[in-house]
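Input: a single structure, listed below in structure tokens.
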Amino acid sequence: MPGLLSHGRLIAPLESDPAIFTTLLHALGAPPSYTFIDILSLSSPPPNILAAVLIAPWTRTLAAEVEADEKNTHNRDATTPASAATDPNAPIWLKQTLTNTCGFHALLHCILNVLPPTPDSYERKSFLQRLMLAATPDERRGVLEQNEDLERAYMTAAADGQTASGLGAAAGNHYLAFVETAAGTWELSGARWGAVNRGKGVGVVAAVEKIVGEMGEEAARVAVLGLVQESCGWEGGLAALLGEEVGDGHG
């Protein structure tokens, strides 16, 4: 059966609402202590931002960078991020193959690079645990394209937006994730071919602020989400999103 991210599917975008991002995050198997919040001020952000998501217009600069990436892929394995081949501290990166899933990829890029890269970091038998158990890009693609739990959770979250077309869904907007590793602060977009290192010791919020500061009038159209860790009990999982019991029969 074709899955959520298989070719030919029409995918509804995620709205840029931290509550929707958080609910989907937990439904896919992340610990409930991790939540998304709005970052309303880049100059005075909340403390302890672990990763960030920038929702911004698709600018000429970004389009040019993506076009340059595409031109440089003729000698590269399309399943292998360029940065991972040259930097052992490069973050986990997933290629986006369908329109409207950049928000979902930003969510994945945040949580996969914040939590320890082990299956035990996630809820047992969850989508995220299955994704971490996948050893190769092809195996990860299979988890993304053929997972019923993901399809049900994503479709529920995408339909839960407060507006018919939120900022993230609007034509011309794109989601970019920002995470940190020992090698630096990375920009992650499934539209590109690999992660982009924005500098060591920069910090995710500062990296976002720099990009927004270079956008001119378009900066008024951006939104920023932050991933933080709070203390709470395990109340997440697919059942929390769907309001029903989920057995062990899926995958």
Side-chain angles (χ1 to χ4, degrees), residues 4-5 21-22 24-36 48-53 76-97 101-147 149-150 153-154 175-190 192-204 207 225-232 234 236-238 250-251:
L4 172 69
L5 301 185
F21 265 61
T22 296
L24 178 58
L25 183 70
H26 296 165
L28 297 179
S33 57
Y34 290 89
T35 62
F36 281 95
N48 303 320
I49 299 295
L50 302 173
V53 177
R76 185 188 308 155
D77 180 352
T79 64
T80 304
S83 54
T86 58
D87 191 337
N89 291 314
I92 296 173
W93 172 85
L94 300 168
K95 178 62 179 172
Q96 177 184 336
T97 59
T101 60
C102 56
F104 171 65
H105 280 77
L107 179 153
L108 290 181
H109 285 145
C110 285
I111 195 64
L112 292 176
N113 288 293
V114 166
L115 265 65
T118 63
D120 291 342
S121 297
Y122 304 97
E123 186 177 11
R124 183 173 173 268
K125 295 188 177 181
S126 67
F127 162 77
L128 287 173
Q129 188 184 66
R130 293 186 181 102
L131 191 61
M132 286 306 305
L133 286 169
T136 67
D138 283 340
E139 289 180 7
R140 286 180 178 170
R141 185 181 301 112
V143 175
L144 286 167
E145 294 183 357
Q146 305 292 336
N147 190 284
D149 286 354
L150 167 60
Y154 181 94
Y175 290 78
L176 301 171
F178 294 81
V179 303
E180 285 191 82
T181 72
T185 299
W186 298 84
E187 176 189 321
L188 296 156
S189 169
R192 304 193 63 166
W193 285 92
V196 179
N197 195 326
R198 292 299 182 182
K200 194 168 184 178
V202 174
V204 294
L225 305 181
L227 180 65
V228 299
Q229 185 177 21
E230 300 174 348
S231 178
C232 62
W234 189 275
L238 183 62
H250 294 296

Exercise: identify the closest heavy-atom pair between [X] and [Y]:
X	Y	answer
Ala207	Thr185	CB-CG2, 3.8 Å
Leu133	Pro119	CD2-CG, 3.2 Å
Ser121	Leu115	O-CD2, 3.3 Å
His105	Lys95	NE2-O, 3.4 Å
Ala182	Lys200	O-CE, 3.1 Å
Trp186	Ala195	CE3-CB, 3.5 Å

#### Entry: Thr181 side-chain N/O to Pro91 backbone N/O, donor-acceptor pair under 3.5 Å
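Not a single qualifying donor-acceptor pair exists.
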### Message
Using only atom types and a distance under 3.5 Å, with no angle test, would you say the side chain of Asn113 pairs donor to acceptor with the backbone of Glu180?
### Response
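No, the answer is negative, given that no donor and acceptor are paired below the 3.5 Å cut-off.
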Taking C-beta and beyond as the side chain, do [X] and [Y] meet within less than 4.5 Å on heavy atoms?
X	Y	value
Leu25	Ile111	yes
Phe104	Leu28	yes
Phe127	Leu144	yes
Arg130	Leu128	no
Leu24	Tyr154	yes
Thr35	His26	yes
Arg141	Asp138	yes
Ile92	His109	no

### side-chain contact (heavy atoms from CB on, under 4.5 Å) partners of Leu50, counting only residues at least two apart
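Applying side-chain contact (heavy atoms from CB on, under 4.5 Å) to Leu50 gives Tyr34, Val114, Gln229.
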#### Entry: Pairing residues for Pro117 by the side-chain contact (heavy atoms from CB on, under 4.5 Å) criterion, not counting sequence neighbours
Met132
### Query
Just how far is it from atom SG of Cys110 to atom CG of Leu188, taken to the nearest 0.5 Å?
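Here the interatomic distance stands at 8.0 Å.
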### Euclidean distance, Gln129 CD relative to Arg124 CZ, rounded to 0.5 Å
8.0 Å
### Message
Apply side chain to side chain contact (heavy atoms under 4.5 Å, CB included) to residues Phe178 and Val196 and explain how you reach the verdict.
### Response
CA-CA 10 Å; Phe178 294 81; Val196 179; over 6 Å; no
### Message
Show, in sequence, the C-alpha distance, side-chain angles and deciding distance for Val53 and Leu107, and conclude whether the side chain to side chain contact (heavy atoms under 4.5 Å, CB included) test is met.
### Response
CA-CA 8 Å; Val53 177; Leu107 179 153; over 6 Å; no
### Task
Not counting sequence neighbours, which residues clear ring-ring contact (aromatic ring centres under 6.0 Å, His included) with Phe36? List them please.
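So Phe36 forms a ring-ring contact (aromatic ring centres under 6.0 Å, His included) with Phe21.
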### Query
Would Val179 and Leu227 satisfy side chain to side chain contact (heavy atoms under 4.5 Å, CB included), going step by step from the backbone distance to the final call?
CA-CA 10 Å; Val179 303; Leu227 180 65; over 6 Å; no
